[in-house]
Amino acid sequence: MIYWGALQNGEQLLLGCPEEAVLSYDREAPADQLKAVFPADRVWPELAEVLAYREGQGVFRGIVDEQNTRLTGSGLSVELVCRSREALLLDNEAEPGTIRNPSAEALSRRLLEPLGLRPGAGLQPAAGSLFIEKGTSCWTVLGVYVWGPGGPPSQELLDSLSQELEALREVGAAVSVKAAAAKKVNIGGFIKVLPGAVYAGAEAKAKEALAEWFAQRRIGDPVYLGDLSRVLLRDPAVCGVTFAAVTKDVPGAAGVVPVLGSVALGNSA
């Protein structure tokens with residue numbers, strides 16, 4: 001194989017024939033790895049990337065994680081430890097937020113273009129939403145959970161989004177696109193209404209308000225009793241809320257969206 005090194009300024013350096021080289025591919029690892037030791041007649045400038053070719057075909061392109069120069073009795077040598085460019089997706093955090101109708105353009109703008117990666121062409125937008133939590137790596141976003149408006153996404157949406165993500169990547173491993181799991185949150189308790197207010201009307205409004213609030217929950221969102229209290233107290237006729245033991249705080253979890261379960265409300269005298 002022929003090895004070239006790319007400098008920070010874009011210039012290239014022919015690295016020559018390595019004394020030893022190991023190119024590792026792992027289906028379970030997103031980034032391929034190259035470890036190689038080259039003889040050298042001088043100290044090399046700092047390399048940004050290494051490119052390997054076999055019979056004119058590129059077999060590896062990766063960023064240089066380590067460049068170690070050694071002087072021994074047999075002469076000068078340079079050890080390079082490189083990872084393929086998918087490593088950029090591992091090392092960088094994706095911009096958090098929700099992408100509505102995730103298209104190739106939107107995914108490319110958020111995940112690939114800031115890292116110098118190029119998307120595929122001719123991709124169509126998919127219906128639904130893609131929620132990216134804070135602290136999520138760009139690579140993790142490529143294994144995503146999806147929740148459609150008002151319920152689980154269709155298999156057609158999952159297949160469409162999976163194909164789009166697959167085509168966007170310069171990656172060997174498959175993209176995982178799954179429907180998020182639903183966590184039912186049961187609510188029980190009592191609401192107190194102001195004198196002169198009709199309880200039946202307040203109860204109906206309370207159930208509608210809860211249904212509307214849960215419809216806006218996203219994947220990974222927590223549910224706290226304080227949030228539920230604020231939802232119920234938005235009705236001017238309600239002046240107090242007491243929850244039963246069945247209603248508890250629900251911490252947020254990756255791949256899980258909270259949905260409204262059973263609602264049992266009573267009149268607090």
Side-chain angles (χ1 to χ4, degrees), residues 1-96 99 103-123 132 135-143 164-175:
M1 286 196 294
I2 299 176
Y3 295 85
W4 286 87
L7 280 60
Q8 297 286 353
N9 61 8
E11 295 181 7
Q12 292 194 337
L13 173 69
L14 183 60
L15 304 182
C17 183
E19 296 175 350
E20 57 182 89
V22 177
L23 187 54
S24 303
Y25 299 92
D26 188 339
R27 184 71 177 177
E28 301 301 321
D32 305 326
Q33 186 179 69
L34 171 67
K35 291 184 178 181
V37 178
F38 296 86
D41 56 5
R42 67 187 188 283
V43 175
W44 290 354
E46 183 177 351
L47 302 177
E49 287 189 322
V50 168
L51 300 91
Y53 298 88
R54 177 185 287 128
E55 299 178 353
Q57 299 295 319
V59 296
F60 178 82
R61 179 185 179 187
I63 56 178
V64 178
D65 285 331
E66 297 182 31
Q67 180 174 333
N68 305 310
T69 303
R70 295 187 175 92
L71 179 61
T72 65
S74 57
L76 196 65
S77 65
V78 179
E79 177 191 48
L80 299 176
V81 179
C82 314
R83 291 179 298 163
S84 59
R85 290 172 60 80
E86 290 84 1
L88 295 170
L89 299 172
L90 288 169
D91 296 343
N92 288 271
E93 178 181 333
E95 179 185 355
I99 304 178
S103 66
E105 179 182 359
L107 294 171
S108 173
R109 185 173 60 252
R110 289 201 178 201
L111 304 179
L112 302 181
E113 291 177 7
L115 307 178
L117 301 176
R118 296 186 300 275
L123 302 177
I132 303 175
T136 303
S137 72
C138 292
W139 169 257
T140 302
V141 173
L142 297 179
E164 290 199 23
L165 290 172
E166 188 73 30
L168 279 172
R169 300 177 305 125
E170 301 174 356
V171 178
V175 179

Working to the nearest 0.5 angstrom, can you tell me the gap between Q57 CD and M1 CE?
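Output value for this atom pair is 13.5 Å.
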For the atom pair CD1 (I63) and CG (L34), what is the distance rounded to the nearest 0.5 Å?
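Interatomic distance, I63 CD1 to L34 CG, rounded to 0.5 Å: 12.5 Å.
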For I2, does the CD1 atom sit with more than 12 other heavy atoms under 6.0 Å from it, leaving out its own atoms?
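No, CD1 of I2 has 12 or fewer neighbouring heavy atoms, counting only those of other groups under 6.0 Å.
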Starting from the C-alpha separation in whole Å, work towards a yes-or-no answer on side chain to side chain contact (heavy atoms under 4.5 Å, CB included) for V22 and Q33.
CA-CA 8 Å; V22 177; Q33 186 179 69; over 6 Å; no
Y3 vs F38 aromatic rings, parallel, tilted or perpendicular, using cut-offs 30° and 60°?
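Perpendicular: the ring planes of Y3 and F38 meet at over 60°.
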So, the side chain of Q67 versus the backbone of L47: is there a donor-acceptor pair under 3.5 Å, distance only?
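Judged by distance alone, yes, a pair lies under 3.5 Å.
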For the residue pair L80 and L15, establish whether any side-chain heavy-atom pair is separated by less than 4.5 Å.
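SC-SC contact between L80 and L15 confirmed.
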Minimum heavy-atom distance between L76 and D41, given as atom pair plus value
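Between these two residues, the closest heavy atoms are CD2-C, 4.4 Å.
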Can you give me the closest heavy-atom contact between A36 and P18, atom names plus distance?
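Result for this residue pair: CB-CB, 4.5 Å.
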Applying side-chain contact (heavy atoms from CB on, under 4.5 Å) between E49 and each of Q12, Q8, R61, report the one that passes.
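Single pass found, and it is R61.
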Between W4 and L14, does a side chain to side chain contact (heavy atoms under 4.5 Å, CB included) hold up when you go through it step by step?
CA-CA 5 Å; W4 286 87; L14 183 60; 3.6 Å; yes
